[in-house]
2 protein chains.
Amino acid sequence: MTADTAPRGLVLVVEDEPTIADLVRLYLAWDGFGVHLERDGTAGLAAARRLRPVACVLDIALPGLAGTEICRRLREAGDWTPVIFLTARDDEVDRIVGLELGADDYVTKPFSPRELVARVRAVLRRAAGAAAGAEQPRVVGAVTLDPARRTVTAAGAPVQLTSTEFDLLAHLMARPGRVFTREELLAGVWGYAAHAGTRTVDVHVAQVRAKLGPASVIRTHRGVGYAADA
Amino acid sequence: MTADTAPRGLVLVVEDEPTIADLVRLYLAWDGFGVHLERDGTAGLAAARRLRPVACVLDIALPGLAGTEICRRLREAGDWTPVIFLTARDDEVDRIVGLELGADDYVTKPFSPRELVARVRAVLRRAAGAAAGAEQPRVVGAVTLDPARRTVTAAGAPVQLTSTEFDLLAHLMARPGRVFTREELLAGVWGYAAHAGTRTVDVHVAQVRAKLGPASVIRTHRGVGYAADA
DNA sequence: CCGGCTCCTTACCGAACCCGAACAGTCCCT
DNA sequence: AGGGACTGTTCGGGTTCGGTAAGGAGCCGG
């Protein structure tokens, strides 16, 4: 598929159950993340401090040191690295969210690995947005796209895109001219690790084109995929 | 066609059908990989453990031990070497990507050898996290070809090629001076299962030449095949 | 519980493209 | 110089591919 996978950074996973740990690692790696794995809480906290990951995925029930405790200590030390919890029971959720814990998101077991990956991405997107415009607005032709504000204008006029539509356009405009296959787009925007077989991408492209109007910036490469104009 | 220069590492291929196996080996070797070939599942598993390849390409239907079983046993032993499956039927896919199998990617037969190579590269890139751009634009004479953008210019002017035409030219320009027979081009560009006759190659070469104009870079080697100028 | 929005799928249609046959031109060997 | 083999070129039929519209599932707010 030739994903051009600019490295997305290192994710720390702390999980004692090998099956789940490996699964999580597999899917995160699939999505282009570097993954560091720890099996107990104490080592997890040390790794978080040492490796400075871009995000942490923490099981709550851990030998040595609970995931919640890891998170609390990081926050105490002024480390606001995004944290996503893995939790077995729904009733643990209340303790996590809306608390001083400073969790960014959580996933209850059993979970879909795909969903976890999507949440990691979402959390990072939010963090990037908060990090004072690490993302510059992009201009291609008459279309401008602001990743931080998640706004798009075509020929000066604001365009209202849905979340998926925006992500799709942003992905294409991130590398103008670069041709992305449908699979690459499915993997990059939707988080699917699947081959083609659906027309989902086409439909959304059509939708974006319709909203952009005549300024449309998306070019079809027959038999291959789509690209934004260079 | 032999592998040149820096070896990219060893890839284990387990495939019982000699035709496919040789083709896969040829193309991987071509791309700079060392290749070790096994013909049945049991030997494949042993080889994987003994040789520690950087990636495995496994047929699913194998004598002795199914490819899925090889993968499962490797994973059980904590071996997370990237695995790419070759599968004949689409409906096998769910079992693979689904979960615990831990496959990194798969390719359905009939596949293009170039696609397989691209996937091996992609998987390794993801595993390494590093971005190694083998997708640099190439220049031969007055013709430039950009694999990522899938664009071609001749004497400075952009040239619009169809998907097949582009792949054909890219294949030739990947190794300037190297003469490819029509069979090689059919296998490499169209895929090993191509049902097209060899004259089809001629037609497409003619088309590419026409579009490139006087800058044409494709040379005929009478009785043999075609090559791009060195 | 309902209505609206978004997303995904499916089906259909028009267009682009590929293939192969046929014929013309070129090269090579004798 | 001539014949044969190989290659260049043209062109229409059949197929594949992408655009588009319509419908149903899930989600959220009311």
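Scope of the values below: all heavy atoms of this structure, side chains included, with no hydrogens, waters or symmetry mates. A, B, ... follow the sequence lines: proteins, then strands. Residue 1 opens every chain. Quick caveat, the model's predicted, so the values are computed rather than measured.
Considering only side-chain N and O atoms, B:T200 lies under 4.0 angstrom from the phosphate OP1 or OP2 of C:dG20. A:Y226 has no side-chain polar atom (N or O) that falls below the 4.0 Å cut-off from OP1 or OP2 of D:dC17. For B:T162, a side-chain nitrogen or oxygen approaches OP1 or OP2 of C:dC18 to under 4.0 Å. One finds no side-chain N or O of A:T220 lying less than 4.0 angstrom from the OP1 or OP2 phosphate oxygen of D:dG18. Between A:R182 and D:dG18 there is a side-chain N or O to OP1 or OP2 distance below 4.0 Å. Not one side-chain nitrogen or oxygen of B:W190 sits closer than 4.0 Å to the OP1 or OP2 atom of C:dC18. Between A:T198 and C:dC8 there is no side-chain N or O to OP1 or OP2 distance below 4.0 Å.
One can place CD of B:E165 at 10 Å from C1' of C:dC18, the figure rounded to the nearest angstrom. Atom pair A:F166:CZ and C:dT6:C1' shows a separation of 17 Å (rounding to whole Å applied). B:H195 has its NE2 atom 15 Å from the P atom of D:dG14, to the nearest Å. The nearest whole Å value for the distance from the CZ atom in A:F180 to the C1' atom in D:dG18 is 20 Å. One can place CZ of B:R219 at 16 Å from C1' of C:dC27, the figure rounded to the nearest angstrom. In this structure, A:H221 atom NE2 and D:dG19 atom C1' are separated by 17 Å, rounded to whole Å. As rounded to whole Å, 11 Å separates atom P of D:dG18 from atom CZ of A:R209. Rounded to an integer number of Å, the gap from NE2 of A:H204 to P of C:dT9 is 10 Å.
Between B:D202 and B:R182, at least one side-chain nitrogen of the basic residue sits less than 4.0 Å from a carboxylate oxygen of the acidic one, meeting the salt-bridge criterion. Taking 4.0 Å as the cut-off between side-chain N and carboxylate O, A:E165 and A:R209 do not count as a salt-bridged pair. A salt bridge links B:E184 to B:R178: one of the charged nitrogens lies within less than 4.0 Å of a carboxylate oxygen.
Here A:V205 lies out of heavy-atom contact (under 4.0 Å) with every strand.
The base of D:dG8 sits within donor-acceptor range of the side chain of B:R199, with an N or O pair under 3.5 Å.
Considering only side-chain atoms of B:R222, the nucleotide from C:dC7, D:dT7, D:dT16 that sits closest is D:dT7.
For B:T200 (side chain) and B:G197 (main-chain N/O), a donor-acceptor pair under 3.5 Å exists by modelled atom type.
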Checklist entry - Are A:T164 and A:T162 close enough, and set up right, to give a side-chain hydrogen bond (donor to acceptor under 3.5 Å, both in side chains), and what steps lead you there? => result CA-CA 6 Å; A:T164 305; A:T162 69; 4.9 Å; no
